[in-house]
Protein chains: 2
Amino acid sequence: MKLAEAKQQFISSWGAFGTHWGINRTMAQIHALLLISPDPMTQDDMMDELNISRGNTNMNIRELINWGLVDRVLLTGERKEFFTAEKDIWKVVKQIVKERKKRELEPMLQLLDRLEEVEGDKRDKEVKTFVDTVSSIKKLGKQADKTLDVMIRAEENWFVGNLLKLFK
Amino acid sequence: MKLAEAKQQFISSWGAFGTHWGINRTMAQIHALLLISPDPMTQDDMMDELNISRGNTNMNIRELINWGLVDRVLLTGERKEFFTAEKDIWKVVKQIVKERKKRELEPMLQLLDRLEEVEGDKRDKEVKTFVDTVSSIKKLGKQADKTLDVMIRAEENWFVGNLLKLFK
DNA sequence: TTGAATTTTCAAAAAATATTGAAAATATAT
DNA sequence: ATATATTTTCAATATTTTTTGAAAATTCAA
């Protein structure tokens, strides 16, 4: 397979992959493009490569910056802004986990705390099932939260050490 | 908070949560409803509770069955079909991980295998960056795949034992 | 300052996704 | 077998999400 074709496939699969994870196609594609680009790129470079509009490019770059996955780079003598993506995949994964934990898991756990305190008699099976379900989700969620904290703090690829420990 | 309100909040948050994870709102809401329901429910029960159409209900129940999260239950003397959700949250999580691994992670790893074999000279920095990126994603992905296998096979809540081991 | 280059915003349009509801298919009781 | 209840399908519709592109805002050099 030629490089050009391989790049196309990588970008388009990364985009499709992203949509299964609540990330929009373009955002994932821009990220993919920057991951495989040896040098920082401008908005215009990305527009050309991906055939997307200026507005779309701009909004998604900004979103990637919010996620901490892309950085603005200033090149001396260049008027335009350049962008680059973190290439260390372990750092990328940690950053995504960190953000999703903050945006999704933590608010969910807070909600479950409130819902657990529903009024009513636990001898009522409706109440019991509700409270039991909420409690068990909360319990698992809190444990997952802690495990992810450990993962986020890990300097090197956590899966390696993790596997060794688990097989011991 | 009253039970009725708590149920509503649980169902609606679970639905919103689902949409961040590539699951459609209704499917997540039906799942939530079944999780907190002490008894099996019929399609009509769900239509009434969630105010959704028969077709929508039917399609999403079937999808939940495909995911292995919901089961058809036959009650003696009842003409209608009843449905119930697995209540053990650890089993639910394992099932979701298992399915997503199969549907998303594994095909991605297969693609990366093919892309890694791109033609070209690694002294060309375009080629080098591409191959390096693909290889490092593949490496991490394969490790994650193995770790998830261990998790799926774990009988009891993996996070607990996992944390203990990690803190040792 | 002024003006050209560049970035950002956002209303409108397009595309993608989800939902409806009625007809068709299937299952079950008599 | 026939009638009735129930489930399934799917074209049409509605909703949500994404994308566009042109105008506004900003930046920066002269």
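Lettering follows sequence order; numbering is per chain, from 1. The structure displayed is predicted, hence computed values, not measured ones. These numbers come from the heavy atoms of this one structure, side chains and all, not from hydrogens, waters or symmetry mates.
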Quick check on K101(B): does its NZ atom have over 12 non-hydrogen neighbours (other residues, nucleotides or ligands) under 6.0 Å away? yes

Between L112(B) and F10(A), is a side chain to side chain contact (heavy atoms under 4.5 Å, CB included) present by the stated rule, with each step listed? CA-CA 8 Å; L112(B) 294 175; F10(A) 179 74; 4.1 Å; yes

Provide, to the nearest angstrom, the distance between the [atom1] atom belonging to [X] and the [atom2] atom belonging to [N].
X: K80(A); N: dA4(C); atom1: NZ; atom2: P; answer: 17 Å
X: N51(A); N: dT18(D); atom1: CG; atom2: C1'; answer: 16 Å
X: M47(A); N: dT20(D); atom1: CE; atom2: P; answer: 9 Å
X: E81(B); N: dA5(D); atom1: CD; atom2: C1'; answer: 12 Å
X: E63(A); N: dT17(D); atom1: CD; atom2: P; answer: 14 Å
X: M46(B); N: dT8(D); atom1: CE; atom2: P; answer: 11 Å
X: R72(B); N: dT6(D); atom1: CZ; atom2: P; answer: 15 Å
X: D44(B); N: dA5(D); atom1: CG; atom2: P; answer: 13 Å

If you pin T42(A) and R25(A) to their nearest nucleotides in DNA chain C, which one's is more 5'? T42(A)

Toward the 5' end of DNA chain C, which comes first, I52(B) or R79(B), by nearest nucleotide? I52(B)

Does [X] put a side-chain nitrogen or oxygen below 4.0 Å from OP1 or OP2 of [N]?
X: N56(B); N: dT20(C); value: yes
X: N58(B); N: dT7(D); value: no
X: R62(A); N: dT9(C); value: yes
X: T26(A); N: dT18(D); value: no

Contacts of M27(A) and R54(B) projected onto DNA chain D by closest heavy atom; the upstream (5') one is R54(B)

Closest to the 5' end of DNA chain D, once I23(A) and G55(A) are matched to their nearest nucleotides, is I23(A)

For the side chain of N60(A), starting at C-beta, report the closest nucleotide among dT19(D), dT28(C), dT20(C). dT19(D)

Looking only at side-chain atoms of Q43(B), point me to the closest of dT27(D), dT9(C), dT7(D). dT7(D)

One pair to check against side chain to side chain contact (heavy atoms under 4.5 Å, CB included): N66(A) and E99(A). What are the steps and the verdict? CA-CA 10 Å; N66(A) 285 341; E99(A) 287 291 326; over 6 Å; no

Please identify each residue that fulfils side-chain contact (heavy atoms from CB on, under 4.5 Å) with D71(B), with sequence neighbours left out. T84(B)

Using 30° and 60° as the class boundaries, would you call the ring planes of H31(A) and W14(A) parallel, tilted or perpendicular? tilted

Within the structure shown, what part of the strands sits under 4.0 Å from N24(A) by heavy-atom distance: base, sugar-phosphate, or nothing? sugar-phosphate

